[in-house]
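Accompanying notes for the structure given below.
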Amino acid sequence: MIENKNILIGITGGIAAYKACELIRMFKKNNANVKVVVTPNAFEFVTELTLETLSQNQVFLDQFDTNEKKPEHIALCDWADVFVIAPASANTLGKIANGICDNLLTSLACAFQKQIFAAPAMNTGMYENKAVQKNIETLKQSGVKIIEPDTGFLACGTDGKGRLADINEIYNTIKNYFDKKQILKGKKILITAGGTKENIDPVRYIGNYSSGKMGTAIADAAYELGADVTLIKTFPLKRNYKTIDVKTALEMYESVQKEFLSSDYKKDILFMVAAVADYRPELSADLKIKKEENSELNIKLVKNPDILSEICKQKDKSQQVIGFCAESNDVLDYAKTKIQKKGCDYLIANDISKQDTGFSSDYNEVFVLDKKLNITKIDKDTKENIAAKIMEFLYGKN
Ligand code: C5P
């Protein structure tokens with residue numbers, strides 16, 4: 001429920017700043033409390049009086065203006081349940097992504113430990129700029145929820161992506177955040193994500209193209225729904241929940257056994273999203289293999305354990321296991337055989353032959369199979385939304 005929630009709205013200096021006025025009104029109309037923090041440039045587009053009148057609160061700009069005993073950015077951090085930066089300029093996004101705190105808004109973003117939402121708005125060229133995209137990616141990685149800009153007519157006279165997301169969409173995103181029922185509260189959930197790396201020597205490995213995005217999205221979704229989450233991963237990522245780093249399939253197997261099965265750590269649910277290498281080099285050289293000494297190189301590969309199958313054999317009846325599979329053809333035929341062979345409770349299958357979904361993409365389209373081979377399709381969407389829909393499908397009826 002959004003009623004009585006404390007919403008801190010950050011407004012940066014862009015033409016879309018005027019739309020933030022409507023956003024403040026929507027929050028106030030729905031009985032949320034609003035305080036507004038602006039960057040100095042924001043006042044080029046909206047006046048202090050407008051923002052003060054709409055929010056019915058003092059507008060915050062000056063980092064060193066301490067009304068209370070605490071510095072302003074700490075007092076506002078304590079007060080706010082959520083921080084919504086809309087519109088978020090390329091400049092401010094870049095500063096936050098890089099930990100720069102040169103005004104009150106950026107200092108707040110740096111210190112804020114609850115959920116930050118940022119709705120970028122800028123000219124298409126700026127939005128598509130590689131540095132800006134990298135900054136947005138960094139923010140996503142550190143847990144900031146980006147409310148994607150729309151495509152359409154921009155104030156600068158061009159058509160393209162960069163227009164502030166619709167105000168209703170921004171409002172609904174925040175409302176949904178508060179409405180989300182903690183349906184997984186009390187559940188311990190283990191997720192694996194990313195592709196394993198099988199060592200050839202200290203500098204080379206056999207790997208695959210898995211990005212770990214789907215597994216991360218599943219872990220984030222479970223965390224938001226109140227689960228006690230542990231993520232075993234093969235790539236760098238910082239989160240507020242427990243994460244464990246592994247490299248190889250054998251390390252992942254050992255970690256899954258410990259975290260899912262051992263009495264000290266036992267979990268209720270395992271999502272085996274990782275792309276585990278089926279084979280590894282039989283021997284991994286201790287020293288770098290030199291090309292000068294080998295005119296050809298034969299690497300004998302031996303089979304890795306199938307973690308999913310092994311865990312399904314060893315688990316308790318009360319524990320649930322969800323497998324994933326990526327297929328490039330006859331997806332459903334392979335998936336039906338696979339769920340029976342592996343013995344998991346559900347199998348989530350996706351078609352990696354499609355250009356715009358699957359491996360490395362931000363989008364996915366999946367089929368959820370249960371043990372009776374009932375199939376439910378979840379249409380193409382961002383991996384974050386697909387993860388939320390998978391959770392809703394599996395646990396929403398509880
Ligand atoms: O057989 P396939 O690799 O298509 O199955 C994919 C599913 O099996 C995924 O859930 C993956 O995490 C898991 N898997 C595994 N161990 C392997 C290979 C795959 O747990 N060695």
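Both backbone and side-chain heavy atoms feed into the values below; hydrogens, waters and symmetry mates do not. All ligand and atom numbering here is 1-based and tracks the order in the structure.
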* Consider only side-chain N and O atoms of T106 and N103, and report whether a donor and an acceptor are under 3.5 Å apart. => yes

* Asked: Are any of the heavy atoms in K342 under 4.0 Å away from ligand 1?
  -> yes

* Asked: Looking only at heavy atoms of E310, does any of them come nearer than 4.0 Å to an atom of ligand 1?
  -> no

* **For L308, the rest of its hydrophobic cluster, which grows through side-chain links under 4.5 angstrom** => L190, I232, I244, V246, M252, Y253, V256, F260, L261, L270, M272, V276, I307, I311, V321

* Looking only at atom types and distance, does a side-chain atom of E52 sit under 3.5 Å from a main-chain N or O of E48, one as donor and one as acceptor? -> no

* Nearest neighbour of atom 11 (C) of ligand 1 from the list A274, A193, G323, on a heavy-atom basis -> A274

* Can you tell me the protein heavy atom closest to atom 17 (C) of ligand 1 and the distance? -> V276 CB, 3.4 Å

* Asked: How are the rings of F271 and Y395 set relative to one another: parallel (under 30°), tilted (30 to 60°) or perpendicular (over 60°)?
  -> perpendicular

* Considering non-hydrogen atoms only, spot the tightest contact between A131 and N129 and give its length. => N-OD1, 2.7 Å

* Structure fact -> In short, I189 meets K267 closest at the heavy-atom pair N-CD, 4.2 Å

* Structure fact -> So ring-ring contact (aromatic ring centres under 6.0 Å, His included) across residues 115-152, not counting sequence neighbours, yields F117-Y177

* **Close approach, P305 and ligand 1, non-hydrogen under 4.0 angstrom** => yes

* Residue, atom name and distance, where the atom is the protein heavy atom closest to atom 9 (C) of ligand 1 -> F324 O, 2.8 Å

* Structure fact -> for atom 10 (O) of ligand 1, nearest protein heavy atom and its distance come out as M272 O, 2.6 Å

* Asked: Can you tell me the protein heavy atom closest to atom 18 (C) of ligand 1 and the distance?
  -> D278 OD1, 3.3 Å

* Near K338, which atoms of ligand 1 are under 4.0 Å from a heavy atom of that residue? -> 1 (O), 2 (P), 4 (O), 5 (O)

* Examine ligand 1 and decide if any of its atoms is less than 4.0 Å from a heavy atom belonging to A249. => no

* **Minimum side-chain heavy-atom gap V36-N57 below 4.5 Å** => no

* Asked: Of all the non-hydrogen atoms in the protein, which one sits nearest to atom 16 (N) of ligand 1, and at what distance?
  -> I307 N, 3.0 Å

* Structure fact -> If you scan protein heavy atoms around atom 20 (O) of ligand 1, the nearest is L308 N, 2.8 Å

